[in-house]
Amino acid sequence: MKIRGIGPWTADYVLMRCLHYADAFPIADVGLHNALKKQLGLEKKPSIEEIEAFTEHWKGWKAYATFYLWRSLYDEDL
C-alpha cells in the first residue's frame, strides 16, 4: 500500500485473486456491506464492527465468503 493509488481494497483484492490468500477480506467494500444486509435480512447496512462480529467464524475462508457475497448481489438464487 506504499504505492500511490493502492489502498486496502486493492491490496485485499490482489491477495484474494492473485495470491490466493483465503483470509483476505475487503471489509470496507460497499458491495460487501450491501450483500451482508441482503443475506442477513438487515434493515440497514452493517457497521465495520458488526461485520467483524459476523465474520469472526469465517477465519481462513473470508475470501471465499467475499466472492459468494459479491455474487449474491447479482444472482437471485443465492
Side-chain angles (χ1 to χ4, degrees):
M1 293 189 307
K2 293 179 181 181
I3 299 170
R4 185 172 187 238
I6 304 295
W9 186 92
T10 304
D12 281 322
Y13 192 78
V14 168
L15 284 168
M16 291 187 303
R17 294 293 288 194
C18 301
L19 302 176
H20 307 287
Y21 181 62
D23 208 34
F25 190 66
I27 197 165
D29 182 77
V30 175
L32 190 61
H33 295 200
N34 288 328
L36 283 166
K37 177 183 176 243
K38 176 183 170 184
Q39 292 297 319
L40 297 172
L42 303 173
E43 291 184 24
K44 62 178 184 147
K45 289 189 275 186
S47 68
I48 297 294
E49 293 78 21
E50 290 170 321
I51 294 170
E52 288 172 342
F54 293 142
T55 63
E56 189 173 297
H57 297 94
W58 299 355
K59 188 171 180 135
W61 301 99
K62 290 180 181 178
Y64 292 96
T66 299
F67 291 125
Y68 173 85
L69 288 165
W70 281 341
R71 183 170 177 196
S72 76
L73 291 170
Y74 304 102
D75 190 338
E76 293 297 322
D77 293 331
L78 295 179

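Note that this is a predicted model, so its numbers are computed, not measured.
Interatomic distance, L32 CG to Y68 OH, rounded to the nearest 0.5 Å: 13.0 Å. Interatomic distance, L69 CG to F25 CZ, rounded to the nearest 0.5 Å: 7.0 Å. Within the model, atoms CG of L36 and NZ of K45 stand 11.5 Å from one another, a figure rounded to the nearest 0.5 Å. The distance from atom CG of D29 to atom OG1 of T66, rounded to the nearest 0.5 Å, is 8.0 Å. In this structure, L42 CG and E50 CD are separated by 7.0 Å, a value rounded to the nearest 0.5 Å.
Using a 4.5 Å cut-off on side-chain heavy atoms (C-beta onward), K62 and I27 make no contact.
Ring geometry, W70 versus Y13: the interplanar angle falls from 30° to 60°, so the pair is classed tilted.
Cluster annotation: Y74 is not connected to F67 through the hydrophobic network of ILVMFWY side chains, with a link wherever side-chain heavy atoms come within less than 4.5 Å. Note: the hydrophobic cluster containing L15 does not contain I51 (ILVMFWY, side chain heavy atoms under 4.5 Å, direct or indirect links). Note on I48: it clusters hydrophobically with W58, by side-chain heavy-atom contacts below 4.5 Å among ILVMFWY residues.
For CH2 of W9, the number of neighbouring non-hydrogen atoms (other residues, nucleotides, ligands) closer than 6.0 Å is greater than 12. Annotation: Y64, atom OH; neighbour count of heavy atoms from other residues, nucleotides and ligands within 6.0 Å does not exceed 12. Residue-environment remark: CD1 (I3) stays at or below the threshold of 12 foreign heavy atoms within 6.0 Å.
Here the closest heavy-atom approach between residue M1 and residue G7 is recorded as SD-C, 3.5 Å. A pairwise comparison of heavy atoms in G5 and T10 identifies O-OG1, 4.4 Å as the closest pair. Heavy atoms only, all atoms of each residue included: A22 and G60 are closest at CB-O, 3.2 Å.
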